[in-house]
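Inspection log for the structure reproduced underneath, given as structure tokens.
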Amino acid sequence: MNWYEAVMFCNKLSEMLGKMPYYHISDITFDPQNKKMINSAIVQINPNANGFRLPTEKEWEYAAKAGTNNKYAGCDNETDLECYGWYYKNSNNLTQPVKTRLPNEWGFYDMTGYRDWE
């Protein structure tokens, strides 16, 4: 699932529950190799909507770090990261079942991941 699909999910959930969608999505293009994967779209927000939205980067980071100065959710070093999240070294680049690693200090699961971009 990519970001575009996540915002579409937020809108669909909002509509199902009778709320005003937070996102306006237009000019959707799909990946030529995977016709179901959204490649690009124009996404605008309606800050007056009462529908569901994704957290901002700052909101996500605040929840993931749970009031700590940790580098990752639940820990502060890559050695311990395997206990708290799935990432490139322990996931075989596949999605993994949720809630199978330790939660962060506030009890939130699956708030971190790490990708070595080199």
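No experiment lies behind these values; they were computed from the predicted model shown. Keep in mind that the numbers below use all heavy atoms, side chains included, and drop hydrogens, waters and symmetry copies.
With hydrogens and angles disregarded, no donor-acceptor distance shorter than 3.5 Å links the side chain of Asn50 to the backbone of Pro21. For Gln96 (side chain) and Trp86 (main-chain N/O), no donor-acceptor pair under 3.5 Å exists by modelled atom type. Although no hydrogens or angles enter the test, the distance criterion places a donor-acceptor pair under 3.5 Å between the side chain of Lys65 and the main chain of Asn70. In terms of modelled atom types and a separation under 3.5 Å, the side chain of Asn92 and the main chain of Leu94 share no donor-acceptor contact.
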Q: Start with the C-alpha gap between Asn93 and Tyr88, add the side-chain angles, then the distance that decides, and say whether side-chain contact (heavy atoms from CB on, under 4.5 Å) holds.
A: CA-CA 6 Å; Asn93 288 320; Tyr88 78 103; 4.2 Å; yes
Q.
Please evaluate residues Lys71 and Glu78 with respect to the criterion salt bridge (charged side-chain N to carboxylate O under 4.0 Å, His left out), reporting the C-alpha separation (whole Å), side-chain torsions for both, the decisive distance (0.1 Å), and the verdict.
A. CA-CA 9 Å; Lys71 185 173 181 180; Glu78 191 177 334; over 6 Å; no
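Note on residues 12-32: pairs passing side chain to side chain donor-acceptor pair (under 3.5 Å), not counting sequence neighbours, are Thr29-Ser40.
The line from CG of Asn2 to CG of Asn39 is 8.5 Å long, rounded to the nearest 0.5 Å. In this structure, CG in Leu102 is found 12.5 Å from OG1 in Thr112, a value given to the nearest 0.5 Å. One distance of note links CD of Glu5 with NZ of Lys36; it measures 11.0 Å at 0.5 Å rounding.
Evaluation of the salt bridge (Lys or Arg N to Asp or Glu O under 4.0 Å) rule for Arg53 yields Glu59 as partners, not counting sequence neighbours.
The nearest pair of heavy atoms linking Arg101 to Cys83 is CB-O, 3.3 Å. Across Asn104 and Ala63, no two heavy atoms sit closer than the pair ND2-O, 2.9 Å. Heavy atoms only, all atoms of each residue included: Phe52 and Leu17 are closest at CE1-CD1, 3.7 Å. Residues Leu54 and Trp3 come closest through the heavy atom pair CD1-NE1, 3.5 Å.
Contact of the Ile25 side chain with the Val7 side chain is registered, since non-hydrogen atoms from C-beta on lie closer than 4.5 Å.
Between Tyr62 and Trp106, the ring centre distance stays below 6.0 Å.
The number of heavy atoms from other shown groups lying within 6.0 Å of CZ (Phe30) is above 12.
The same ILVMFWY cluster, assembled from side-chain heavy atoms under 4.5 Å apart, contains both Met8 and Ile45.
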